[in-house]
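These notes are about the structure you will find just below.
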Amino acid sequence: MIARASQLFLPTLREPPADAEAASHQLLVRGGFIRQIGAGLWSFLPLGWRVHMRIEQIIREEINAIGGQEMRAPTLTPAELWETTGRIDVPILFHLEDSGGRPFVLSWTHEESMTFLAREIQSYKQLPQVWYHFSNKDRDEPRPRGGLLRVREFVMKDSYTFDADSAGLDAAFARHEEAYKRIFERCGLEAYLVEAESGVMGGKESKDFLAPTGSGENELMRCENGDYFADAEAARGAPPPAELPPALAAPELVATPGVGTIDELADFLSIAASATSKALPVVTGDRLVLALVRGDDKLSEGKLETFFEAAFRPATDEEIRAAFGAGGGSLGPVGVDVEVIADEALREGQYVAGANEDAKHLRGVRAGRDYEPTFADIRQAKDGDACPECGGTLHIETAIEVGHIFKLGTFHSQAFGATFLDEDGREKPLIMGSYGIGLARTMAAVVEQSHDENGIVWPQAVAPYDAHVVALPGAEEIAAQAAETLSEAGLDVLLDDRDQRAGEKFADADLIGCPLRVTAGRKSLEDGKVDVRDRASGVEKRLDVAELGKEA
RNA sequence: CGGGGCGUGGCGCAGCCUGGUUAGCGCGUUGGUCUGGGGGACCAAAGGUCGCCGGUUCGAAUCCGGCCGCCCCGACCA
């Protein structure tokens, strides 16, 4: 097909909007792909929607290929659907009422709707099932940002799998892993599958697809040797060894007047921060627990949450006094009647710890001798940590989460009574998985990874048009012929037939970023040809119009 | 929710501190002439409740108060 620029709604901008910072935000607005209508609320203009549709079609093909059945559930749902699972209290829900005052919720995900439907599954003979749809998700995000990177309404492809047993779930999960890899690869996006923290909402296992980019809200940790990738929140890096002073036979009390922070403590005692330990009293449910990490490490809230399988909060000053008999700056694991969760880094060696007496610390505190902790990996991984696979150096990069896949188990099916009769004649809850891809976010991630100072460089599979034909004065006819030839060869063509200067047309072509630019002008007309330029490489060659079809 | 910034024709900005004619500039838009391979030149023109409400004042884009919206950092985040 051929689209004529003179008739397209394609409002390109010479300058980026003042409020745009992320490259994808600037370029997609400047290129006339999207326009904002409120915080986190975006319209897709004709070009932007073409890209969106191409991504959608790639996803559709790949999910169909693993047996997915496309369907469609509504975004507007009765509130009782969410009361069934208790997720009515999730803070990002948009609540509304119909004219009769009945409560409704805008879906922010579709486990509830799909599980509701899955009650009609009766027998193991009907399993497995793989359902998916493309639908709007609405989320009352506390802070939308970065153009398409985090929004309040967006189209997600979400799949839901129903299996009779966990082996079936594992297989469905694995098939989605592979499908997602192919999807991102076809979109020309570099994305890595990493372990994610499943956090409070539980589930047995979840993995993220992270696309390294210049802007984003996630952090990808990767090994310099390419053998380990992880979400920095969940990464299992090993910290550099602690610089420890000589060991002591028993803990030794030392006065530390005026010392409040780890840095002050290390300075005061003339030791490295890594030779100290940091005690963080937290409350989960109704128990108070002391989390202990090395002085130069930070506690990973996600990891601790996963360890507890529950949310937690910092203990209050009163709770701390009551449990430790000392204030926040002098807490430690020795001689207290409190459960201690110590980070793995503290398994070996002796560290300085708070003495549970104000302004006093203990030197030479050793796990297993002076206190009995439960060990767990609860530290936040850092740039420079050692790779758990090969010992190489790990580095952190900014990334966008473009997909997330979950093994849900039976949480939703039990809530809805979505059961089936198994081979053994017993009624069992369906075993579920859910799998999401944000289309607009994928689009933004592609732009983040694929642009230069002049504009977007679309991978062909997701480009708004395959070729951009620039018609310069005096060569309108040959330009139209070129567009026709390309179109007949099966390409989607944007023909710039506007009465504009050459420079403006070239600038727009670079900005819009179609993979191929074909220019017909006086220069090329001299030998009856057109100039074909590759957007990515900038390589240009002069060809006969007739040759265009083959080239493309 | 905490911190910071911004709100003036379609876009990007100046003016505000120190209140005072018809609120400017660049780009874009419309008509015209010339031009024509990297955002060209000239002529003419259209287009603005200065975010909203209230207050101070003879007089408010400008000063004061409240509210709203948007962006960034943080908190939060399937």
Side-chain angles (χ1 to χ4, degrees), chain A residues 11-22 25-26 29-30 32 35-41 85 87 90-93 107-112 137 139-147 149-152 156 158 160 196-209 215-218 231 233-234 301-302 305-306 311 313-314 401 403-408 411-412 432-438 441 453-455 470-476 479 496 498-511 517-526 530-531 533 538 540 542:
Chain A
T12 56
L13 264 29
R14 192 163 182 166
E15 293 174 88
D19 57 12
E21 291 201 353
H25 184 184
Q26 293 190 359
V29 172
R30 276 189 62 205
R35 284 294 185 269
Q36 185 170 28
I37 204 153
L41 299 171
T85 52
R87 295 207 294 179
V90 171
I92 61 172
L93 251 62
S107 296
W108 59 293
T109 177
H110 279 84
E111 281 81 8
E112 277 75 0
K137 302 289 181 276
R139 300 180 177 183
D140 190 4
E141 292 288 349
R143 195 184 150 203
R145 73 190 96 171
L149 295 182
R150 186 171 205 80
V151 297
R152 294 198 289 184
M156 177 187 273
D158 38 328
Y160 301 88
E197 286 300 328
S198 28
V200 197
M201 293 312 286
K204 295 183 165 53
E205 187 182 351
S206 85
K207 291 183 180 178
D208 275 339
F209 283 84
S215 312
E217 308 194 288
N218 295 72
D231 188 318
E233 273 185 24
E301 291 181 23
E305 224 166 53
T306 304
R313 61 170 172 83
E401 179 191 326
H404 203 153
I405 56 181
F406 292 88
K407 292 185 182 175
L408 293 173
F411 174 77
H412 299 85
M432 293 176 57
S434 81
Y435 318 82
I437 294 182
R441 216 184 234 190
E453 62 281 3
N454 296 318
V470 174
L472 295 179
E476 291 83 357
D496 191 349
R498 299 172 302 170
D499 182 21
Q500 302 287 354
R501 314 283 305 182
E504 191 164 346
K505 292 190 175 193
F506 290 146
D508 273 350
D510 287 345
L511 179 61
R517 186 184 82 190
V518 177
T519 307
R522 287 195 181 138
K523 279 189 191 170
S524 63
L525 210 51
E526 287 165 12
V530 291
D531 291 319
R533 182 200 278 250
E540 184 162 294
R542 185 155 294 182

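The model shown is predicted, which means the values in this text are computed figures rather than measured ones. Residue numbers start from 1 in every chain, and the chains themselves are labelled A, B, ... in the order their sequence lines are given, proteins ahead of strands.
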Next item on the list: Between B:U62 and B:G19, how far apart are the P atoms? Round to whole Å, please.
Entry: 12 Å

Checklist line | Sugar-phosphate only, base, or nothing, as touched by A:Gly38 at under 4.0 Å among non-hydrogen atoms | finding: sugar-phosphate

Check: Could you state the interatomic distance from CZ (A:Arg139) to CH2 (A:Trp108), rounded to the nearest 0.5 Å?
Finding: 6.5 Å

Notebook entry, point to check: Heavy atoms under 4.0 Å, any strand shown: does A:Pro17 hit a base, just sugar-phosphate, or nothing?
Noted result: sugar-phosphate

Check: Distance between the P atoms of B:G20 and B:G15, in whole angstroms?
Finding: 14 Å

Check: When rounded to the nearest 0.5 angstrom, what is the spacing between CE in A:Met432 and OH in A:Tyr160?
Finding: 8.0 Å

Notebook entry, point to check: Taking the side chain of A:Thr109 as its heavy atoms from C-beta onward, which of B:C13, B:A78, B:G36 lies nearest to it?
Noted result: B:A78

Note to self: What contact category does A:Glu15 fall into here, base, sugar-phosphate, or nothing, at under 4.0 angstrom with non-hydrogen atoms?
What the structure shows: base

Notebook entry, point to check: What's the spacing between A:Glu301 CD and A:Glu233 CD if we round to 0.5 Å?
Noted result: 9.0 Å

Checklist line | Distance in Å, A:Arg542 CZ paired with A:Ser524 OG, rounded so as to fall on 0.5 Å steps | finding: 5.5 Å

Margin query: Rounding to an integer number of angstrom, what distance separates B:U49 and B:G24 when you compare their P atoms?
Written below: 15 Å

Note to self: Please report the distance separating the C1' of B:C50 from the corresponding atom of B:C13, rounded so that it comes out in whole Å.
What the structure shows: 14 Å

Checklist line | Check against salt bridge (Lys or Arg N to Asp or Glu O under 4.0 Å), A:Arg517 and A:Glu540 | finding: CA-CA 9 Å; A:Arg517 186 184 82 190; A:Glu540 184 162 294; 3.5 Å; yes

Notebook entry, point to check: To the nearest 0.5 Å, how far apart are CZ in A:Phe406 and CG in A:Asp158?
Noted result: 11.5 Å

Note to self: Please classify the nucleic acid contact of A:Gly146 as base, sugar-phosphate, or nothing, using heavy-atom distances under 4.0 Å.
What the structure shows: sugar-phosphate

Check: Quick one: on RNA chain B, does A:Gly521 or A:Glu401 contact a more 5' nucleotide (nearest heavy atom)?
Finding: A:Gly521

Check: Looking across every strand, which nucleic acid part, if any, lies under 4.0 Å from A:Asp499 by heavy atom: base, sugar-phosphate, or nothing?
Finding: base

Notebook entry, point to check: If we take the P atom in both B:U21 and B:A61, what is their distance in whole Å?
Noted result: 10 Å

Next item on the list: Nearest whole angstrom, please: distance from the P of B:G37 to the CG of A:Asp531.
Entry: 13 Å

Note to self: Between B:G4 and B:A78, how many Å separate the two C1' atoms, rounded to a whole number?
What the structure shows: 31 Å

Margin query: If you compare every side-chain N and O of A:Arg143 against the phosphate oxygens of B:C73 (OP1, OP2), does one of them come in below 4.0 Å?
Written below: yes

Notebook entry, point to check: What integer number of Å spans the C1' atoms of B:A41 and B:G3?
Noted result: 50 Å

Next item on the list: Select base, sugar-phosphate, or nothing to describe what A:Glu217 touches, counting heavy atoms under 4.0 Å on all strands.
Entry: nothing

Check: Do A:Lys207 and A:Asp231 sit within salt-bridge range, that is, some charged N less than 4.0 Å from a carboxylate O?
Finding: no

Next item on the list: Take the protein atom CD1 of A:Ile437 and the nucleotide atom C1' of B:A78, then report the distance between them rounded to whole Å.
Entry: 15 Å

Notebook entry, point to check: Dot-bracket, RNA chain B: Watson-Crick or G-U, under 3.5 angstrom, [ ] crossing, | other strand?
Noted result: ((((((((.[[[[.)....(...]]]].((((((.....)))))).....[[[[[..)....]]]]])))))))....

Check: Can you give one letter per nucleotide of nucleotides 38-47 of chain B, going 5' to 3': B for a protein heavy atom under 4.0 Å from the base, S for sugar-phosphate only, - for none?
Finding: BBB-------

Margin query: What's the separation between atom CG in A:Leu511 and atom CD in A:Glu504, rounded to the nearest 0.5 Å?
Written below: 11.5 Å

Check: Which nucleotide, B:A78, B:A75, B:C70, lies nearest any side-chain atom of A:Arg152?
Finding: B:C70

Margin query: Under a 4.0 Å threshold between the charged nitrogen and the carboxylate oxygen, would A:Glu15 count as salt-bridged to A:Arg30?
Written below: no

Next item on the list: For nucleotides B:C52 and B:G9, find the distance between their P atoms and express it as a whole number of Å.
Entry: 10 Å

